[in-house]
J.: 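Have a look at the structure that comes next, please.
Note that the structure is predicted; figures quoted are calculated from it, not measured. Position 1 is the first residue of the sequence, and the numbers go up from there.
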Amino acid sequence: MAKFTAGKRKEATGMTTDHKAAQVLAHTPHPTPTIVATALSHAFLAAPEWTVEALVSAGAEVLGARRRWLGPLVRAVVDAYHRKPADAPRELAAHIGASEPFAAAVDKAHDQRKPLRLAAYAVAEPELRDGTHPVPEVTGLEQLAEVLGLKLGELEWFADTRHLNRLASRSSLQHYRYMWRERPGRTPRLLEIPGLRLRNIQRKVLHGLLAPIPLHNAAHGFVPGRSASSGAALHTGADVVISMDLLCFFANVSAGKVFGALRQSGYPEAVAHRLTGLCTHIVPPRVISSMPPGGSAAERFALTQALRLPHLPQGAPTSPALANLALRRLDSRLQGWAEVAGANYTRYADDLGFSGGPALARRTERFLRGAKRIVADEGHNLNESKTRFRPRSTRQQITGIVVNQHLNAPRREFDALKAILHNCMLFGPESQNRADHTDYRAHLLGRITWMESLNPARGVRLRRDFERISW
């Protein structure tokens, strides 16, 4: 067991961050219950075996004596954790702090005015648990900092696990800048744009640490090789199509959900904790109070509450991938519910799509009630105004794509783009660039390519008009 006794004062060479923290805690004259619980968690994890006797011995060495309450505490821990939670010292410390034997010991020490003390502090070497997914092996914070090209201090600064950055008075010290986007008749959207340095770090996290984690098959948004059209294609020719929309999509993905997804994927607790800090954010009160008008009172309140808590910022490169990871359980439950009803299910970001045959058409109301319960159970809200039920006799759409017989773009969108191209030929492209696109030619080409992918015949007509424009 690696330990620091309370009497040691000399510096150790090559000391890791955890060992430095251990030395500080060992010198704490009046440790709080949280510090004692943390010391015991590290002692238990550093024990040679995960047995009652080995843990009692490890705890006694840290406490300086074999306290009467230590045995019941250890038995409670072993009952809760049949295997050593090797990479979860914070989780284990929280469990110890909430256990009945420890709470009773703290109360007794308080009544007798004899606070619990530490004689030593043990640190267990980090271990990577057997994850359910093939993630890169990052066993500790030093390795994480190395992967991201950071020093340990820089990792802590950008991770900002205490969310202090939102209180910075100088804009140069803030990790994010903010931009409200008004939407007529709808709730405004807040873009939370990370600074250049943090954005580069997040890109390394995205490509190096998140990309290898597999996603649920129902997810089609922000997934390489999938798209809105790949998801919509699964709903063509159905008797009924149902579409639903999640409210405040990114803001409602909390830091807890992100942390849980990373832990489930196999990353150690400390690594998952810092990655969560790097990729989530709390919006400063001054920004929330400047929300422009738009949307109902309930929607504005829901957005305000979400932004006040750690969440995925809309604007960070990691947010789409982490949202997909955090919604794997929702996708699994909705797919299971759909399969029971003989239906298909896909999700493109916040758009949920279902389709099926006569069985689904007969039980639409019951199916919708069940889907809404699942969404609510998973901590999300639905935008009720966007829930749509479309039988075969109507124009069926999923993510804005018509799916009645085959994929197609809505006629209105085709006509609008055709009119723009016609006006570009007559009056010049500058007259139609009302949104001030920096590369309007590329913008139009992108829209034409999208139309071609859905309806090649229409794409030919649009491209012919585009080639007649004088640039």
J.: If you measure from the Lys or Arg side-chain nitrogens to the Asp or Glu carboxylate oxygens, is any gap between Glu378 and Lys257 under 4.0 Å?
T.: no

J.: Would you please name every residue forming a ring pair (Phe, Tyr, Trp, His ring centres under 6.0 Å) with Tyr81, sequence neighbours left out?
T.: His95

J.: Which pair of heavy atoms, one from Leu45 and one from Pro85, lies closest together, and at what distance?
T.: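 Closest pair (atom of Leu45, atom of Pro85, distance): CD2-O, 3.5 Å.
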
J.: Are the side chain of Ser319 and the backbone N or O of Pro313 linked by a donor-acceptor pair below 3.5 Å?
T.: yes

J.: Could you tell me whether the side chain of Phe414 reaches within less than 4.5 Å of the side chain of Asn408, counting heavy atoms only?
T.: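 Sidechains of Phe414 and Asn408: no contact.
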
J.: According to side-chain hydrogen bond (donor to acceptor under 3.5 Å, both in side chains), who are the partners of Arg464, at least two apart in sequence or on a separate chain?
T.: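 Result, side-chain hydrogen bond (donor to acceptor under 3.5 Å, both in side chains) vs Arg464: none returned.
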
J.: Phe259: which residues meet the ring pair (Phe, Tyr, Trp, His ring centres under 6.0 Å) condition with it, sequence neighbours left out?
T.: none

J.: Any side-chain heavy-atom pair from Val77 and Ser99 closer than 4.5 angstrom?
T.: no

J.: Counting neighbours of CZ on Arg392 that are heavy atoms of other residues, nucleotides or ligands and sit closer than 6.0 Å, is the number greater than 12?
T.: yes

J.: Does Glu339 reach the side chain of Tyr345, with side-chain heavy atoms less than 4.5 Å apart?
T.: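 When only atoms from C-beta onward are counted, Tyr345 and Glu339 do not touch, as no gap falls below 4.5 Å.
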
J.: Is any side-chain heavy atom of Val253 closer than 4.5 Å to a side-chain heavy atom of Val258?
T.: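 Yes; the side chains approach each other to less than 4.5 Å.
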
J.: Can you confirm whether Gln305 sits close enough to Leu309 that some side-chain heavy atom of one is under 4.5 Å from a side-chain heavy atom of the other?
T.: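 They are not in contact (no side-chain heavy atoms under 4.5 Å apart), so the answer is no.
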
J.: For the pair Lys372 and Glu384, evaluate salt bridge (Lys or Arg N to Asp or Glu O under 4.0 Å) and give the outcome as yes or no after the intermediate values.
T.: CA-CA 10 Å; Lys372 290 177 181 178; Glu384 298 288 353; 3.4 Å; yes

J.: For Cys279 and Gln202, work out which heavy atoms get closest and say how close.
T.: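 Here Cys279 and Gln202 meet closest at CA-NE2, 4.2 Å.
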
J.: Please check if the number of heavy atoms outside Glu100 that lie under 6.0 Å from its CD is greater than 12.
T.: no

J.: Examine distances only and state if a side-chain atom of Arg177 and a backbone atom of Gly195 form a donor-acceptor pair shorter than 3.5 Å.
T.: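 The answer is no, because no donor-acceptor pair under 3.5 Å joins these two groups.
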
J.: Please collect all salt bridge (charged side-chain N to carboxylate O under 4.0 Å, His left out) contacts where either partner lies in residues 180-209, sequence neighbours excluded, each pair once.
T.: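 Qualifying pairs, neighbours excluded: Glu154-Arg197.
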
J.: Nearest 0.5 angstrom please: Met244 CE to Leu368 CG, how far?
T.: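 These two atoms lie 5.5 Å from each other.
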
J.: Just so I know, are the side chains of Leu209 and Leu144 near enough to count as touching, which here means a heavy-atom distance under 4.5 Å?
T.: yes

J.: Look at the rings of Phe250 and Phe222 and say which category their plane angle falls in: under 30° parallel, 30 to 60° tilted, over 60° perpendicular.
T.: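 Phe250 vs Phe222 ring planes: tilted.
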
J.: So for atom NE2, which belongs to His163, do other residues, nucleotides or ligands contribute more than 12 heavy atoms lying within a distance under 6.0 Å?
T.: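 Atom NE2 in His163 is packed in, count exceeds 12.
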
J.: Can you check side chain to side chain contact (heavy atoms under 4.5 Å, CB included) on Asp239 and Leu360, steps first, answer last?
T.: CA-CA 8 Å; Asp239 284 350; Leu360 179 62; over 6 Å; no

J.: Which pair of heavy atoms, one from Ala219 and one from Asp331, lies closest together, and at what distance?
T.: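 Closest approach of Ala219 to Asp331, heavy atoms only: CB-OD2, 4.3 Å.
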
J.: Quick one: which of Leu92, Val74, Leu73 gives a side-chain contact (heavy atoms from CB on, under 4.5 Å) with Leu40?
T.: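 When side-chain contact (heavy atoms from CB on, under 4.5 Å) is applied between Leu40 and each of Leu92, Val74, Leu73, only Leu73 qualifies.
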
J.: Tell me every residue that passes side-chain hydrogen bond (donor to acceptor under 3.5 Å, both in side chains) with Thr346, counting only those two or more places apart in sequence or in another chain.
T.: His235

J.: Kindly give the heavy-atom pair with the smallest separation between Arg226 and Asn217, and that separation in Å.
T.: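 Shortest heavy-atom contact: NH1-O, 3.5 Å.
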
J.: Measure across Leu141 and Leu155 and return the closest heavy-atom pair with its distance rounded to 0.1 Å.
T.: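 Of all heavy-atom pairs spanning Leu141 and Leu155, the closest is O-CD2, 3.8 Å.
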
J.: Search all heavy atoms of Pro212 against all heavy atoms of Pro136 and return the closest pair with its distance.
T.: CG-CD, 4.0 Å

J.: In a check of side chain to side chain donor-acceptor pair (under 3.5 Å) between Asp415 and each of Arg411, Arg412, Lys418, which one passes?
T.: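 Exactly one option meets the side chain to side chain donor-acceptor pair (under 3.5 Å) with Asp415, and it is Arg411.
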
J.: Assess whether a salt bridge exists between Arg274 and Glu156, defined as any Lys/Arg side-chain N lying under 4.0 Å from an Asp/Glu carboxylate O.
T.: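 A salt bridge is present here (some side-chain N lies under 4.0 Å from a carboxylate O).
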
J.: Determine whether a donor-acceptor pair (N or O, by modelled atom type, separation under 3.5 Å) exists between the side chain of Asp350 and the backbone of Cys248.
T.: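 Flag not set: sc Asp350 to bb Cys248 has no pair under 3.5 Å.
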
J.: If you apply the rule side chain to side chain contact (heavy atoms under 4.5 Å, CB included), what do you find for His311 with Val283, and how did you get there?
T.: CA-CA 9 Å; His311 63 277; Val283 177; 3.7 Å; yes

J.: Return each pair, listed once, that meets ring-ring contact (aromatic ring centres under 6.0 Å, His included) where at least one residue sits in residues 175-195; pairs must be two or more places apart or across chains.
T.: Trp157-His175, Phe158-His175, Tyr176-His281, Tyr178-His281

J.: Counting C-beta onward and ignoring hydrogens, is there a side-chain heavy-atom pair between Val138 and Leu275 closer than 4.5 Å?
T.: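 Heavy-atom side-chain distance check fails, nothing below 4.5 Å.
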
J.: Is Phe44 close to Ser41 at the side-chain level, that is, under 4.5 Å between some pair of heavy atoms?
T.: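 No, side chains not in contact.
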
J.: State whether a side-chain donor-acceptor pair under 3.5 Å links Arg328 with Gln264.
T.: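 Arg328 vs Gln264: donor-acceptor pair found between side chains.
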
